[in-house]
Novice: 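Starting off with a structure, shown below.
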2 protein chains.
Amino acid sequence: MDSLSIGQLAKQAAVAIDTVRYYERSGLLAPAGRLASGYRRYGASELKRLRFIRRAKALGFTLEEIASLLTLSDERDVAKVKQTAELKLADIQHRIDELERIRSGLKALTAACPGHGRAEACPILNALSQESAS
Amino acid sequence: MDSLSIGQLAKQAAVAIDTVRYYERSGLLAPAGRLASGYRRYGASELKRLRFIRRAKALGFTLEEIASLLTLSDERDVAKVKQTAELKLADIQHRIDELERIRSGLKALTAACPGHGRAEACPILNALSQESAS
DNA sequence: CTGCAGTCTGGACCCAGGTCCAGAGTCAAG
DNA sequence: CTTGACTCTGGACCTGGGTCCAGACTGCAG
């Protein structure tokens with residue numbers, strides 16, 4: 001072990017083979033070492049890095065941000081890592097706020113709609129049709 | 001008034017001209033009437049419909065769902081309109097839940113990170129690198 | 001040695017929801 | 001009539017994050 005084919009690497013990191021190659025193409029992973037045949041070979045550090053990427057993605061980071069995090073990690077720049085995480089946190093919060101705004105609008109409309117009767121009495125259709133709403 | 005060029009329509013609905021044509025292409029708006037020159041002409045009902053689309057989009061509906069809402073509106077099917085809104089509400093709620101899950105993970109990490117010192121002591125980097133995390 | 005699974009490449013394609021373009025024709029103010 | 005703003009068309013392009021493909025080659029079990 002400690003010498004993995006792309007298929008084994010992908011399986012152990014729980015990503016698709018094409019995704020590994022895509023990450024290499026887009027600079028997120030360094031070009032892999034090759035066998036004489038041209039087959040890629042990976043070691044433990046690449047597996048670790050790939051898992052790092054997967055976890056960061058689960059935390060809502062974009063691939064571009066992950067590339068930056070990996071650089072900062074290599075540079076051991078803890079301050080900037082923390083700052084990046086805080087910015088992402090603020091970004092996530094904004095998205096939550098926006099969705100909650102939408103949710104409260106929808107909640108009010110569905111709660112007010114009897115679900116039967118004249119279309120003219122449906123608050124949902126009225127809200128969408130009315131001149132006044134923003 | 002009551003006869004609008006595509007530019008006037010777009011302006012009054014606060015939408016780009018290309019977007020109006022795109023909506024027509026994708027069936028969200030019926031093919032517009034034309035002048036002898038081929039220029040599109042619109043009336044008040046198209047303006048209303050376009051605004052409906054814009055408001056529904058602000059409530060988080062996709063264009064496909066909006067097409068469906070418009071059909072239901074034309075059919076005056078209040079029950080299905082309400083059901084569509086409730087499904088969308090559940091969808092929004094799922095997205096909020098997911099983002100809140102991410103937020104709490106990020107919050108814990110940034111709170112625990114001193115923002116300086118050894119990289120090995122940075123909980124953010126550790127969480128992303130560790131074997132244990134999912 | 002055979003046969004099948006794995007891997008290689010470059011490039012096309014997917015999703016949604018548009019946006020932008022060139023080249024041609026049109027409308028309206030002055 | 002001229003000029004500038006508007007509109008027409010079909011099609012290409014954009015973002016992000018992959019996914020899929022054909023055709024060729026390789027690795028390994030039996």
Side-chain angles (χ1 to χ4, degrees), chain A residues 1 3-29 31-42 46 49-70 88 91-92 95 98-99 102, chain B residues 1 3-29 31-42 46 49-70 88 91-92 95 98-99 102:
Chain A
M1 60 288 252
S3 182
L4 301 166
S5 70
I6 191 171
Q8 293 166 330
L9 177 79
K11 193 164 201 174
Q12 292 197 34
V15 299
I17 288 182
D18 273 342
T19 301
V20 176
R21 287 195 279 247
Y22 171 69
Y23 286 171
E24 180 177 323
R25 264 206 309 285
S26 48
L28 211 46
L29 293 176
R34 303 288 184 131
L35 297 180
S37 61
Y39 280 26
R40 289 173 180 81
R41 280 277 117 174
Y42 297 94
E46 280 100 336
R49 203 169 173 93
L50 194 45
R51 284 179 168 155
F52 183 111
I53 294 169
R54 198 169 49 73
R55 293 191 192 106
K57 226 155 51 70
L59 282 176
F61 292 97
T62 65
L63 295 188
E64 194 178 356
E65 289 162 342
I66 294 169
S68 159
L69 276 177
L70 283 164
K88 176 53 56 178
D91 169 33
I92 300 286
R95 287 198 257 162
E98 170 73 359
L99 285 174
I102 290 171
Chain B
M1 60 287 255
S3 182
L4 301 165
S5 70
I6 191 170
Q8 292 167 331
L9 176 79
K11 192 163 201 176
Q12 292 199 33
V15 148
I17 288 182
D18 274 341
T19 301
V20 176
R21 287 194 280 245
Y22 171 68
Y23 286 171
E24 179 177 324
R25 265 206 307 286
S26 46
L28 212 46
L29 293 176
R34 303 287 185 133
L35 296 180
S37 62
Y39 279 27
R40 290 172 180 81
R41 280 276 117 175
Y42 297 94
E46 280 100 336
R49 200 167 176 96
L50 193 47
R51 285 180 168 153
F52 183 111
I53 294 169
R54 197 169 50 73
R55 291 190 193 109
K57 225 154 53 71
L59 283 176
F61 292 97
T62 66
L63 295 189
E64 195 178 355
E65 290 161 342
I66 294 170
S68 159
L69 276 176
L70 283 164
K88 177 52 56 179
D91 169 33
I92 300 286
R95 287 199 256 162
E98 170 73 359
L99 285 174
I102 290 171

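In what follows, every chain begins at residue 1, and chains take the letters A, B, ... in the order their sequences are listed. In what follows, every heavy atom counts, from backbone to side chain, and hydrogens, waters and symmetry copies are set aside.
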Novice: Which residues pass the salt bridge (Lys or Arg N to Asp or Glu O under 4.0 Å) test with A:Glu46, not counting sequence neighbours?
Specialist: none
Novice: Name all pairs fulfilling the salt bridge (charged side-chain N to carboxylate O under 4.0 Å, His left out) condition that reach into residues 4-20 of chain B, sequence neighbours left out, sorted by first residue then second.
Specialist: B:Asp18-B:Arg21
Novice: Would you compute the distance between atom CD1 of A:Ile66 and atom CZ of A:Arg54 and round it to the nearest 0.5 angstrom?
Specialist: 11.5 Å
Novice: Not counting sequence neighbours, which residues clear salt bridge (Lys or Arg N to Asp or Glu O under 4.0 Å) with B:Arg41? List them please.
Specialist: none
Novice: Nucleotide range of DNA chain D contacted by chain B, 5' to 3', under 4.0 Å to a heavy atom?
Specialist: D:dC6 to D:dT9
Novice: Check whether any side-chain nitrogen or oxygen of A:Arg40 sits under 4.0 Å from OP1 or OP2 of C:dT7, and answer yes or no.
Specialist: no
Novice: What is the nucleic acid contact for A:Ser26, judged by heavy atoms within less than 4.0 Å: base, sugar-phosphate only, or nothing?
Specialist: nothing
Novice: Taking only nitrogen or oxygen atoms into account, show me every contact under 3.5 Å that the protein makes with nucleotides 16-18 of chain C, one pair per line with its distance.
Specialist:
from	atom 1	to	atom 2	distance (Å)
C:dG17	OP2	B:Leu63	N	3.4
C:dG18	OP2	B:Tyr23	OH	2.8

Novice: Please produce a list of atom pairs where a protein N or O lies less than 3.5 Å from an N or O of nucleotides 23-29 of chain C.
Specialist:
from	atom 1	to	atom 2	distance (Å)
C:dG25	N2	B:Tyr39	OH	2.4
C:dT26	O4'	B:Tyr39	OH	3.2
C:dC27	OP1	B:Ser37	OG	2.9

Novice: Quick one: OG on B:Ser5 to CG on B:Leu35, what's the gap to the nearest 0.5 Å?
Specialist: 9.5 Å
Novice: Does A:Glu64 have any side-chain contact (heavy atoms from CB on, under 4.5 Å) partners at least two apart in sequence or in another chain, and if so, which?
Specialist: A:Thr62
Novice: Using a 4.5 Å cut-off on heavy atoms from C-beta on, say whether the side chain of A:Lys88 contacts that of A:Leu59.
Specialist: no
Novice: Partners of B:Tyr23 by side-chain contact (heavy atoms from CB on, under 4.5 Å), sequence neighbours excluded?
Specialist: B:Thr19, B:Leu28, B:Leu29, B:Leu50, B:Ile53, B:Lys57, B:Leu63
Novice: Testing the basics here: between B:Phe61 and B:Glu65, what is the closest heavy-atom pair and its distance to 0.1 Å?
Specialist: CA-OE1, 3.3 Å
Novice: Apply salt bridge (Lys or Arg N to Asp or Glu O under 4.0 Å) to B:Arg34 and list each qualifying residue two or more places apart in sequence or on a separate chain.
Specialist: B:Glu24
